[in-house]
Amino acid sequence: MTVTNFQKRVYRLTALIPRGRVATYLALAKALGQPGASRAVGNALHNNPYAPQVPCHRVIRSDGTIGGFAGGAAKKIALLKKEGVSIKTGRISSTEYLYGFKIKR
DNA sequence: ACGGTGACGCTCA
DNA sequence: TTGAGCGCCACCG
């Protein structure tokens, strides 16, 4: 399994997200210095070889929706709820849970 | 080396 | 507010 430098950076940042908090793909991309690479970030997380260590379920879309997850979005939502993040109709109920940057809309 | 793909994001209708 | 379309980037075949 070849882990590219790009992915390393993604995993590293993702690992910093505290329990009970979430970050967006966009925020990660920005932190990487590549605001337009949000899509690539998603790809990296989908590939996530460091499963439990890297809490990829704590990464959601910039519009507040949950996004995808390798095992079903439902699973992702369940995990977040367990950590204390309220989900409302497929989206986080409050921006208070956001870690790092802020979302819009 | 080239083109297609996807856990995204933003704009327009 | 919801849905459809186009643009972006890194990775795989």
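Proteins come first, then strands; the chains are lettered A, B, ... in the order of their sequence lines, and each starts at number 1.
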### Message
Can you give me the closest heavy-atom contact between A:Thr65 and A:Asp63, atom names plus distance?
### Response
OG1-OD1, 2.6 Å
### Task
Nearest whole angstrom, please: distance from the C1' of C:dT2 to the CG of A:Asp63.
12 Å
### Query
Whole Å only: how far is the CZ atom of A:Arg9 from the C1' atom of C:dC11?
14 Å
### Task
Could I get the full list of side-chain contact (heavy atoms from CB on, under 4.5 Å) partners for A:Gln34, not counting sequence neighbours?
A:Phe6, A:Arg9, A:Ala37
### Query
Looking at A:Arg21 and A:Val85, what are the two nearest heavy atoms and their distance?
N-CG2, 4.1 Å
### Task
Classify the nucleic acid contact of A:Phe6 as base, sugar-phosphate or nothing, counting any heavy atom under 4.0 Å across all strands shown.
sugar-phosphate
### Query
Can you check the A:Lys76 NZ to B:dC8 C1' distance for me, whole Å?
11 Å
### Task
Look at A:Ser62 and B:dG9 and indicate whether a side-chain polar atom (N or O) is within less than 4.0 Å of OP1 or OP2.
yes
### Message
Can you tell me how the ring of A:Phe69 sits relative to the ring of A:His57, calling it parallel under 30°, perpendicular over 60° and tilted otherwise?
### Response
perpendicular
### Query
When the distance from NZ of A:Lys8 to P of C:dC11 is rounded to whole Å, what number comes out?
13 Å
### Task
Kindly state which residues belonging to residues 39-56 of chain A come within less than 4.0 angstrom of DNA chain C, counting heavy atoms of the residue only, listed by number.
A:Arg39, A:Ala40
### Message
Expressed as a whole number of angstroms, how long is the span from A:Gln7:CD to B:dA7:P?
### Response
14 Å
### Distance, rounded to the nearest Å, where A:Gln34 contributes CD and C:dC11 contributes P
10 Å
### Message
With a 4.5 Å cut-off on side-chain heavy atoms, are A:Val22 and A:Leu98 touching?
### Response
yes
